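Comments concern the structure below.
None of these values were measured; they are calculated from a predicted model. A note on names: the letters A, B, ... follow the listed sequences, proteins ahead of strands, and every chain is numbered from 1.
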Amino acid sequence: MDVSHLLDELNDPQRAAVTAPEGHVLVLAGAGSGKTRVLVHRLAWLIQVGHVSPLGIMAVTFTNKAAGEMRERAGKLLGISTRPLWIGTFHGIAHRLLRMHWKEARLPENFQILDADDQQRLLRRILREEGYDESQWPVRQAQWFINGRKDEGERAHHIEHMDHPTTAAWVNIYQRYEEYCQRGGLVDFAELLLRAHELWLEQPQVLQHYQRRVQHLLIDEFQDTNAIQYAWLRMLAGNTGQVFVVGDDDQSIYGWRGAKVENVQSFVRDFPDVTTIKLEQNYRSTGNILEAANALISHNTGRMGKKLWTADEEGAAIQIYAAYNEQDEARFVIEQIRRWMDEGRKAEEAAILYRTSAQSRLFEEYLLRESIPYRVYGGQRFFERLEVKDALAYLRLLQNPHDDAALERVINKPTRAIGDKTIAELRIQAREAGVTLWTAINACLQQQKLAARAAGAVQGFVDLINGMNERMKDWSLGNQMQGVIDDSDLISAYDKEPRERSETRVENLRELVNAADSFILPAEDADVGMNELQSFLSRAALEAGETQGESWDDCVQLMTLHSAKGLEFPLVFMAGVEEGLFPHQRSIEEAGGRLEEERRLCYVGITRAREHLVMSYAEIRRMHGTENYCRPSRFINELPAERLQEIRPRVAQNRPWVPASRPTPAVARVAPVKGQEWPFRLGQGVEHRKFGEGTVLAFEGSGEHTRVQVNFSNAGTKWLVLAYANLEAS
DNA sequence: TCCATTGACGTTTTT
DNA sequence: CGTCAATGGA
């Protein structure tokens, strides 16, 4: 068979990885070095050259997007159906295993997935029930504790240090939470992985079956695996499975979420005879950008060691803009984007990256003002919307009325006169009897434990759910969806909201019915015995959907540095590169390699840029209502000075900014502007005879040539020669 | 039960 | 400063 299509266009290390003989392989793939291509070609190589059955391959990614992309590209390359290939996220694969082996995993057949929001609500309820003061025992921290333990593979009863009162309290909450979930058949994200691991541990025959079947494991973004994922993987590989992992220790930015970079090193230690291949040739960025990235990341310790290089040109210098304040920064960035567009480039080629999501606001304001279309990544996703989750909760109750999380969500939505007191009473009953709310409700009604009025209201809810269940049992999913929305009168719950708000909600519900209507039970879900409803609900939780309903055509891209991972743009702005913001203060203070992770985040940001990279920092930044004097980030000082070009406001103001096509001569290293012998302070109010009142933004030059930039409230921003301007302090 | 005001809080987020 | 959730009066 001719396999040249698998190897053509690959460089030597890529080819070595794709064609690696028997055994485990670690591919250290630098940013933009073609890692997805290697992964997909390896997969195709195994099938077409190694004659491995598609059933014997499992490919694991972290996001649904990555999984989808891999499946698509593999399909194109192989020219066969990718159905038998097991490609998915860790969570998706774990979920599938649990559906198939629900009995062995000690789960009810109709178990439901809790998303982060469901989990938080359930925990809040438990904290209240157990009498914890929520200011001292914050829900978020409980969530963090439990998920953290689960990520490490620990159950409540595994945890030591119970002599420590704080730990004991968290463990108690963890334990209660476990009980609720088990009773209601609820499984959170971390639980999916933990259960899948326990399935291996407790059911050797199941493990053996999969060990025999899965001959080849391909893992993407290996530096992002956590302890439980690694353990699961190791067990599945056993002594016979061959593991091919791709990752980049320099791009590990999710340590705070339990990811363990150390797994990259552990892999070489734990698996015998690992072949390590480095992909260092970069096909994305210019030489200057790569040199800056290399220099920055070399400040980290304990790296596996990689040096990116390119066959392409040096390109433009990296530009550093010292903004007077965050307003000036936003103004500058948007102005540069305008120039970019004026030169005929597209808005979508430009990205603004920042450390914290709150930073997007100002940029949005300026973009709006300039009528430049933009899109902010992140934020609420379709299946996470309040009204969508409300409607889904009714659907969940149809599937399983013992789903306490769903029941609590909608028992009084819309209001049906079931007040807090009644619900509290029901919770007590449920807790004392150790049963679900649904069971407790029915028991209370039967034994007439509730006051007459409350009983009537609760009975109404029970009848509603039972009625829906009976009538809609055999309906199509779309009709069920519409049915529960109609019968529950859910929409009336949004009546009192501002009109615009409630209209969007109704629109989203219509969209949800559409989604349910056009949902086709995927074959792989049918294969594991799921019905349409189960499959729909699981997918709603596991793939919460696009962040934004409609994707704009040609928009400037705004996102946090974290969400930029894996993407690339011709023009990248990295904003707010200041000590305290990036690296973030919390990371500076916290020990444990947090600072190195911030540096990796910066490395990720730099390597997103293809042609132009502009970093900016503000000298004064208003945060939480107070003005902060900032120093440029240490990361800027770690970049090679000869690759940098400092942008002075004058350049930004008067001369069209032409992206340099040849190396730009280096300018001195950026230093914070010190107070000099200028007659005004930066930010000081001044008055001009003709232009009126304004604010000093910047100075330039010295002696009689000293120029001053003033932002006049009526005349806009102007550069004036200080000697002639006759400015007066106001 | 509802709306308005007050108060606390402020890093990153996918599954 | 701006957001979101909790609280409290009508």
Thr89(A), nearest nucleotide to its side chain (from dT15(B), dT11(B), dT3(C)): dT15(B)

Residue Thr415(A), side-chain atoms from C-beta onward, closest of dT11(B), dT13(B), dC2(B): dC2(B)

Selected nucleotide, minimal atom distance to Arg355(A) side chain, candidates dT11(B), dG2(C), dT15(B): dT11(B)

Asn64(A) side chain near dT15(B) phosphate (N/O to OP1/OP2, under 4.0 Å): yes

Closest nucleotide among dG2(C), dT15(B), dA6(C) to the Arg128(A) side chain: dA6(C)

Length of the line joining Ile253(A):CD1 and dT12(B):P, which is rounded to integer Å: 13 Å

Distance, rounded to the nearest Å, where Met559(A) contributes CE and dT13(B) contributes P: 11 Å

Face-to-face contact Trp256(A) to dT12(B) six-ring, under 5.5 Å, under 30°: yes

Residue-phosphate contact under 4.0 Å: Asn147(A) side-chain N/O, dT13(B) OP1/OP2: no

Euclidean distance for P, dC4(C) against dT13(B) (whole angstrom): 15 Å

Sugar-phosphate, base or nothing in reach of Asp188(A), heavy atoms under 4.0 Å: nothing

Closest to the Glu598(A) side chain, choosing from dT13(B), dT11(B), dT3(C): dT11(B)

Gln143(A)-Gln119(A) side chain donor-acceptor pair, cut-off 3.5 Å: yes

pi-stack flag for His584(A) and dT11(B), centroid dist under 5.5 Å, interplanar under 30°: yes

Value in whole Å for how far the P atom of dT13(B) lies from CD of Glu597(A): 13 Å

Atom-pair distance (CD on Glu589(A); C1' on dG10(B)), nearest Å: 14 Å

Sugar-phosphate only, base, or nothing, as touched by Asn226(A) at under 4.0 Å among non-hydrogen atoms: nothing

Atom-to-atom span, NE2 of His624(A) to P of dT11(B) - whole angstrom: 6 Å

salt_bridge(Arg99(A), Asp525(A)) N-O dist < 4.0 Å: no

Any Arg257(A) side-chain nitrogen or oxygen under 4.0 Å from OP1 or OP2 of dT12(B): no

Comparing Met623(A) and Arg416(A) on DNA chain B - which has the more 5′ nearest nucleotide: Arg416(A)

Euclidean distance, atom CH2 of residue Trp232(A) to atom P of dT15(B) [Å, nearest integer]: 17 Å

Short side-chain N/O contact from Arg381(A) to OP1 or OP2 of dT15(B), under 4.0 Å: yes

Phosphate contact (dT13(B) OP1 or OP2) by Thr560(A) side-chain N/O below 4.0 Å: yes

Nearest-nucleotide pick for Asn412(A), side chain only, options being dT11(B), dT1(B), dT14(B): dT1(B)

Protein-nucleotide distance (Tyr254(A), atom OH; dT13(B), atom P), rounded to Å: 7 Å

Between Asp249(A) and Ser252(A), a side-chain donor and acceptor under 3.5 Å: no

Any donor-acceptor N or O pair under 3.5 Å, side chains Tyr210(A), His101(A): yes

His562(A) NE2 to dT13(B) C1', straight-line distance once rounded to whole Å: 8 Å

Polar side chain donor-acceptor pair, Gln585(A) to Glu589(A), under 3.5 angstrom: yes

Phosphate contact (dT11(B) OP1 or OP2) by Arg586(A) side-chain N/O below 4.0 Å: yes

Whichever of Ile418(A) and Leu601(A) has its nearest DNA chain B nucleotide further upstream toward 5': Ile418(A)

Thr356(A) versus Gln359(A), side-chain donor and acceptor atoms under 3.5 Å: yes

Glu598(A) and Ser587(A): side chain donor to acceptor below 3.5 Å: yes

Sugar-phosphate only, base, or nothing, as touched by Ala417(A) at under 4.0 Å among non-hydrogen atoms: sugar-phosphate

side-chain N/O Ser357(A) vs dT12(B) OP1/OP2, d < 4.0 Å: yes

